[in-house]
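Everything on this sheet refers to the single structure shown next.
What you see is a predicted model; the values in this text were computed from it and never measured.
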Amino acid sequence: MTLGRRTFLRVAGVSALGAAAAACTAPAKAPGVTTPPPPSSTAASASVAPPSGPPDWNALRGKVSGGLVLPGDAGFEQAKHAFNPLFDARKPAAVAHCATPADVQACVTAAASRAPIAARSGGHSYAGYSAPDGGLVIDVGPMSSVDVRSDGTVVIGAGARMKEIYAALAKAGRCLPAGSCPTVGIAGLTLGGGIGVLARKYGLTCDHLVSAQIVTADGRLRTASADSEPELFWALRGGGGGNFGVVTSFTFSTEPAPALTVFSLHFPAGSSGDVLGGWQRWIPAAQPELWSNLVISGGSPTQCRVGGCFVGGSAALAPLLDDLVASSGVKPTSRTAKAESYLGAMQYFSGSSSRQTFVASSRIMSAPVADTSGLAKVMSGRSGVDLLIDGLGGAVGNPAPADTAFWHRKALASVQVYSQATSGTADTAAKSVAEIVSGLAGLGVDGGYVNYIDPAMPDWMNAYYGENVKRLREVAKTYDPDKVFGFAQAITPS
């Protein structure tokens, strides 16, 4: 099997999208974009009777500058693929390669209420929602520019992927806290919150969002910021990808690129419960410059590794790792630490860009687990399945849960349940993942992270968005009353 991102993570022991707005430069309008009427800060278009019949694909083909491909066209099979090969059998009606916001506007106008519409940035939707059967895939991949500006902001096209973004930022000496997978798109990552390896120091990706250009269900291109469409801006920071509209570009604030130290500790087989106990006492008390995760690999016995990065040098990191060992009472079998540049550290965490077949879900560790040995038992005998526990806290918890749509501000950690799979073993893998998440729920680990979206998540809207659900549904009512961007786990109007 090709060494994919999460395979790499198991080996390395590391984890796998106001006033400031007024001071930053918004992205310029792209050539060819239809100029909308002056936007209202509170209202989108009123609900109207939907058109009948399927979209006129041939007419749309002439309006999409990046190209529209239909079944039977050369390149269609490749164009419809998402990151996970388990969804290769999906049959969209068309894939539009959108090179400008005007392309997106043409797509939304043509397909609204006539066919399912799904935006695709990196194509990493864990449920394959970016490849809807019979629907239009709005591929924003061609809009991938990364413009680092002299005022410290960066304007990023919605189709840019992390490897491109990190390279451009590092060249300019700047940093944006974001995810680790090199082919994840900035759009999905940001809209779901954006947990990453620098989150405890700098916050989530969405915390650095200054403004977004977005095409809403009425076909209008809007600017969402603290001063323009503020409720939409609130919802875009953690309200999940696929809701409210199709973002075409983002403007972020950035930080000076830091020097980092990456580290990894491997512990003896069978020590997962003790290491977890020590880790969950250690990470909330650690200074925000330290980010860490814990990976428990299923098996008989389970295996356990701790990895992470530190904003600073190895001399300052060493006593912090000593504290972890003392807290767990378990001596690691190996311990490494290495100084890295910002770009070098992001590449260290990234792994391979290859497509990977997997089944996954998520939960949120709101508080320390009382029965750590019980959690280890949940993973006993689960060969090929990993529990990736990513520490939160620090800057993630500075905003209140209602300040943005990302609800889990006060959580201890996010938990990803990740199983290797093939087309022939997917059902078995899904059954194993379901049993694990059920076991986690019994230990008080519930809730979920929308960027690891799971169709089987019980009470998913509250699991992902908590008490922000009511406000999110009001935003949906304002900007997409007819469910133009509806899908199985879309936020629906209240």
Side-chain angles (χ1 to χ4, degrees), residues 17 36 39-51 104-105 107-109 111-121 125 127 129-130 132 135-136 138 140 158 187-188 190-193 206 209 211-226 228-248 250 401-408 447-451 453-455 457 459-494:
L17 193 275
S40 163
S41 63
T42 58
S45 63
S47 178
V48 297
V104 176
Q105 289 178 287
C107 288
V108 172
T109 300
S113 299
R114 294 172 181 261
I117 296 174
R120 185 180 72 194
S121 178
S125 169
Y129 289 141
S130 55
L136 172 61
I138 296 180
V140 299
T190 303
L191 298 174
C206 72
L209 185 63
S211 66
Q213 296 281 291
I214 180 172
V215 177
T216 47
D218 54 5
R220 290 171 59 183
L221 180 67
R222 302 169 184 267
T223 298
S225 70
S228 173
E229 317 285 358
E231 282 299 289
L232 181 58
F233 181 61
W234 174 86
L236 294 180
R237 290 174 291 158
N243 296 302
F244 315 118
V246 180
V247 177
T248 61
F250 301 85
D403 286 351
T404 67
F406 183 86
W407 175 250
H408 302 293
Y449 178 38
V450 70
N451 277 355
I453 200 164
D454 178 3
M457 172 73 79
D459 192 19
W460 58 267
M461 196 173 289
N462 287 308
Y464 295 136
Y465 308 118
E467 294 180 17
N468 287 333
V469 166
K470 182 178 179 180
R471 188 173 174 185
L472 284 166
R473 296 189 75 179
E474 286 296 324
V475 175
K477 183 178 180 180
T478 299
Y479 290 94
D480 189 9
D482 297 317
K483 306 179 186 178
V484 167
F485 300 108
F487 60 98
Q489 289 178 289
I491 296 170
T492 55
S494 58

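Within the model, atoms CG of N468 and OG1 of T404 stand 7.0 Å from one another, a figure rounded to the nearest 0.5 Å. Between atom OG1 of residue T216 and atom CG of residue D480 there is a gap of 9.0 Å, rounded to the nearest 0.5 Å. Atom CZ in R222 sits 13.0 Å away from atom OG1 in T248 (nearest 0.5 Å). Distance CG/L472 to CG/N243: 8.0 Å, rounded to 0.5 Å. Remark: K477 NZ to K483 NZ distance equals 12.5 Å, nearest 0.5 Å.
At least one side-chain heavy atom of L136 sits under 4.5 Å from a side-chain heavy atom of C107. Side-chain atoms of R473 and T492, non-hydrogen and from C-beta on, do get closer than 4.5 Å to each other. Side chains of I214 and L221 form no contact here, defined as non-hydrogen atoms less than 4.5 Å apart. Contact check for V108 versus I138: side-chain heavy atoms found under the 4.5 Å cut-off. For the pair W407 and E467, the minimum side-chain heavy-atom distance is below 4.5 Å.
Taking each heavy atom of D403 and R237 in turn, the nearest pair found is O-NH2, 4.1 Å. The two residues A217 and A112 have their closest heavy-atom pair at O-CB, 4.4 Å. Residues A405 and G238 share a closest heavy-atom pair of CB-C, 3.7 Å. Considering every non-hydrogen atom in both P493 and A476, the closest pair reads N-CB, 3.9 Å. The shortest non-hydrogen separation linking A212 to L236 is CB-CD1, 4.0 Å. What you find for A118 and S130 is that their closest heavy atoms are CB-CA, 4.0 Å.
The side chain to side chain contact (heavy atoms under 4.5 Å, CB included) check on R471 picks up E231, W234, with sequence neighbours excluded. Listed by chain and residue number, V246 satisfy the side chain to side chain contact (heavy atoms under 4.5 Å, CB included) test with A119 (two or more places apart in sequence, or in another chain). Taking the side chain to side chain contact (heavy atoms under 4.5 Å, CB included) definition, one finds that A127 meets it with S125, Y129, I453, P455, sequence neighbours left out.
The main-chain N or O of Q105 is found under 3.5 Å from a side-chain atom of T109 such that the two form a donor-acceptor pair. No donor-acceptor pair closer than 3.5 Å links the side chain of D482 to the backbone N or O of V484.
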- Query: Could you go step by step and tell me if D454 and W460 meet the side chain to side chain contact (heavy atoms under 4.5 Å, CB included) rule?
  - Reply: CA-CA 8 Å; D454 178 3; W460 58 267; over 6 Å; no
- Task: Carefully, step by step, assess H408 and Y464 under the rule side chain to side chain contact (heavy atoms under 4.5 Å, CB included).
- Result: CA-CA 8 Å; H408 302 293; Y464 295 136; 5.6 Å; no
- Begin with the C-alpha distance, continue with both residues' side-chain angles, and end with the deciding distance and a verdict on side chain to side chain contact (heavy atoms under 4.5 Å, CB included) for I491 and F485. CA-CA 9 Å; I491 296 170; F485 300 108; over 6 Å; no
- Message: Could you walk me through whether Q213 and T223 satisfy the side-chain hydrogen bond (donor to acceptor under 3.5 Å, both in side chains) test, starting with their C-alpha distance in whole Å, then the side-chain angles of each, then the deciding distance to 0.1 Å, before giving a yes or no?
- Response: CA-CA 5 Å; Q213 296 281 291; T223 298; 2.4 Å; yes
- Task: Let me see the working for L191 and F244 under side chain to side chain contact (heavy atoms under 4.5 Å, CB included), right down to the final yes or no.
- Result: CA-CA 10 Å; L191 298 174; F244 315 118; over 6 Å; no
